[in-house]
Amino acid sequence: MRINMLLTAALCASGLVAAQSALAAPLKALAHADAQATVAAAASQDVVEFGIYLPLRHKDKLEALIARQHDERSPQYHQWLQPEEFLAQYGPRPSDIEAVKNALAARGLTIVSTNGHGVRVRGTAAQVSQAFSAPLEKVTRHSHTRFQARSGLRIPGELAGVDLRVFGLATVPERHVHARVLGKAPEANGPENRYSNVGPYWFTDLKQAYDYPAWSAKTDGTGVTVAVLMADLIFPNDVAAMFNHEKFTAVTGQAVPTVDTVTIDGGGVYDGYGSFEASLDVQQVLGGAPGSKVTLVSIPDLSDQHIMDGYQYIIDTNKYDIVNSSFGGCELAYTAAYNDGVDYTDLLHAQHEMFLQGNAQGITFVASSGDESGLECPSADYVTGGTAPTFVPSVSTPAADPAVTAVGGGNLVTNSAPPSLDSTYVRESAYNDPEVPSDPWGFGVPVSGGAWGAGGGVSVVFDKPLYQYLANTGSRKFRTIPDVGMQVGGCPGSAISCGDDDSAAVVTYGAGIGGGNYGVIGTSVSSPEFVGALALFEQQLGKKNHRMGNANYYLYAMGALQTLAGGTKAPAALQFYHRNNPGYNGVAPDSFPSYNYNYVYGNGSPDVRKLFGLTAYKAAGVPQTTTNP
């Protein structure tokens, strides 16, 4: 009785009782449909907050340093900087930040906070419009409101000599999660694997299929810290319910993992539009690395300002070794063609500089590559008033950033012989599913020609990074994605047709309060799954300097080694990746640009023990056993 009273008190204190009373099957986050955006002129007294970031200094020297930090032959290999060291060498000049503060304060704006990269500013819409010579609009979607400038911002004359990047006033739509819910996962009285040879897969199924090491205190991610950046909050019982389903405590005798939460800019809400995604992310990370310490960094929504604030917190505190971002948005949306001639790609470069700082501090950033196959973006006429827009070849950001590891993938096929729970790897495929027309940004215009599948292709913003010269990526000039792939799945409700191999994973959401176990698809499955595998690798690197920074240096080096050894015909010990998975992403066939790298799986899907040098450990066996609890 006392336990129930304490639980009720905790729920009341956290606001969960109100959330629970509003929950009915299906839960709000699951029932949420894409909303149309409403745009209106901002009222003069509307309160507006935005961020100003200044560029780094000595970027050429910084990039050379990062290359040395990832070169095993260099004395600076894995010699990571602390935030204060980084800012002293490469951060903006403090005098420039002071000049920005003084100039904006003189115009009646309030400086909310200052950091090593710039300032956070608040003012009325009238004050902001006057300071930057641009009227503001209020945009509302998904019950969230943001402001945008109707025209390009004009930097105040007194700051003409300072290079400013203004976050929070661009016309770029907010980013979106990379997951779709298929419905309740099947249940059975007997052994549940499982349902078929394409899932839906529990985390234990995925560990056996991708050859994770057998569970032990040395192969559970202990000592590694992970940040999951996402909008909204997770229900506190869901992680335990997921692990209990797979009999973790019954098999190991250990308590189920827990999750910490940090709120940025006020954080999100329970059962918000990002809550299911947040639940998926933390469960996939912990499923692969139950000993790791995972923190949900909760932001109110996926607008650029809140995302940047989340990354700023992660980099400034320097507490997290790996960061997962299972969200993204159209890279082309930042270009002038989508914004009445105003180029907002400087915002992507500002975010890139944040990632560079994180890399120099040893932080690894991982992001889902997108779920619109090779057709992430609508054509520009969707924005400019066209009546028949289509989806065009394009990529997702932040996955396209060269300081980030982009994770794509396809459909996993495993052994299935009930009542056995065996989930041995059989093969993978990556054919996309054509979709009905949709309205991706809520403009009220349907866009045709879209498809479901892992995002991939060629960036138009970022140059080809050094590590990609180790693979035939199909571009001599630009960054391409993804870098690796894992289970993604297919056949969303919007699909016109589906393939035989379309698979899914399982996530627990709203356990005990109207929810349960759900089938889910998307690169939001593969990205945090790969983070769990990275955590096992970092655990092996030791307690000191176990961080690996930009993981792509390692991933492409291993890919090049396999290619030199014969690629798909390399000796078994050098088969680090499953490659040449058949498929099509709507733009390029599976074999383009080569059998060793493509725009669905990148280098391929990992054999985790081989890729990360864990073959001294036994393989994770059948789920719900001592090797795979």
Side-chain angles (χ1 to χ4, degrees), residues 19 27-30 32 141-144 174-181 225-236 238-239 242 257-288 292-315 317 319-320 322-329 351 354-355 358 363-371 396-399 404-407 505 507-510 518 520-532:
L27 299 169
K28 288 189 296 182
L30 303 181
H32 176 79
R141 193 183 185 205
H142 298 146
S143 301
H144 295 281
E174 67 183 62
R175 305 187 202 189
H176 55 274
V177 299
H178 286 151
R180 299 267 190 98
V181 183
T225 56
V226 177
V228 170
L229 180 62
M230 183 47 61
D232 294 324
L233 302 169
I234 64 173
F235 293 118
D238 289 349
V239 169
M242 180 197 73
T258 58
V259 182
D260 293 333
T261 300
V262 170
T263 57
I264 304 298
D265 299 340
V269 299
Y270 292 100
D271 204 28
Y273 81 106
S275 292
F276 185 89
E277 178 63 66
S279 299
L280 168 61
D281 294 349
V282 299
Q283 289 175 39
Q284 284 294 95
V285 174
L286 287 171
S292 63
K293 183 175 178 60
V294 175
T295 299
L296 171 62
V297 178
S298 171
I299 52 180
D301 58 49
L302 294 176
S303 61
D304 276 333
Q305 180 65 74
H306 293 312
I307 290 171
M308 195 69 161
D309 290 345
Y311 285 134
Q312 182 84 52
Y313 163 79
I314 289 167
I315 291 165
T317 59
K319 295 191 298 184
Y320 308 104
I322 311 173
V323 182
N324 183 75
S325 301
S326 287
F327 57 79
Q351 191 173 86
M354 297 293 291
F355 292 142
I363 301 173
T364 302
F365 297 94
V366 181
S368 49
S369 71
D371 292 338
S396 178
T397 178
V404 174
T405 295
V407 187
V507 63
T508 301
Y509 186 71
Y518 294 87
V520 61
I521 57 176
T523 50
S524 287
V525 176
S526 61
S527 179
E529 182 183 0
F530 190 67
V531 167

Do you know the tightest heavy-atom contact between [X] and [Y]?
X	Y	answer
V525	A505	CG1-CB, 3.8 Å
G310	I264	N-CG2, 4.1 Å
I322	V366	CG2-CG2, 4.3 Å
R175	G328	CB-O, 3.1 Å

Check step by step if side-chain contact (heavy atoms from CB on, under 4.5 Å) holds for Y320 and V226.
-> CA-CA 5 Å; Y320 308 104; V226 177; over 6 Å; no
Regarding D238 and T508, is there a side-chain donor-to-acceptor distance under 3.5 Å anywhere?
->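 D238 vs T508: no donor-acceptor pair found between side chains.
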Show the atom names and distances, to 0.1 Å, of all donor-acceptor pairs under 3.5 Å that link a side chain in residues 295-302 to residues at least two apart or in another chain.
residue : atom : partner : partner atom : Å
S298    : OG   : D232    : O            : 2.9
S298    : OG   : G268    : N            : 2.9
D301    : OD1  : S303    : N            : 2.9
D301    : OD1  : S303    : OG           : 2.6

Partner residues of T258 under the side chain to side chain contact (heavy atoms under 4.5 Å, CB included) criterion, sequence neighbours left out =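 Listed in chain order: nothing, the list is empty.
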What pairs with [X] under side-chain hydrogen bond (donor to acceptor under 3.5 Å, both in side chains), at least two apart in sequence or on another chain?
X	result
S524	E277
T225	D321
S527	N324
S292	none

Look up atom [atom1] in [X] and atom [atom2] in [Y], then write down how far apart they are to the nearest 0.5 Å.
X	Y	atom1	atom2	result
T397	I307	OG1	CD1	8.5 Å
H178	D281	NE2	CG	11.5 Å
M354	M308	CE	CE	5.0 Å
S279	F235	OG	CZ	7.5 Å
D265	Q305	CG	CD	7.0 Å

Can you find a heavy atom in the side chain of [X] that is under 4.5 Å from one in the side chain of [Y]?
X	Y	value
K319	Y313	yes
V323	I363	yes
F327	S396	no
F365	I315	yes
Q284	S326	no
P528	V285	yes

Verdict with reasoning, T523 to V407, per side-chain contact (heavy atoms from CB on, under 4.5 Å) = CA-CA 7 Å; T523 50; V407 187; over 6 Å; no
Y509 and D271: CA distance, side-chain angles, deciding distance, side-chain hydrogen bond (donor to acceptor under 3.5 Å, both in side chains) verdict = CA-CA 9 Å; Y509 186 71; D271 204 28; 2.6 Å; yes
Show the numbers, then the answer: is there a side-chain contact (heavy atoms from CB on, under 4.5 Å) between F276 and I234?
-> CA-CA 7 Å; F276 185 89; I234 64 173; over 6 Å; no
Parallel, tilted or perpendicular: which fits the ring planes of Y311 and F355, with parallel below 30° and perpendicular above 60°?
-> perpendicular
Does the gap between the ring centers of H176 and Y273 come in under 6.0 Å?
-> no
Pair D371 + R180: basic N to acidic O under 4.0 Å = no
V282 pairs by side chain to side chain contact (heavy atoms under 4.5 Å, CB included) with which of V294, D260, V507?
-> V294
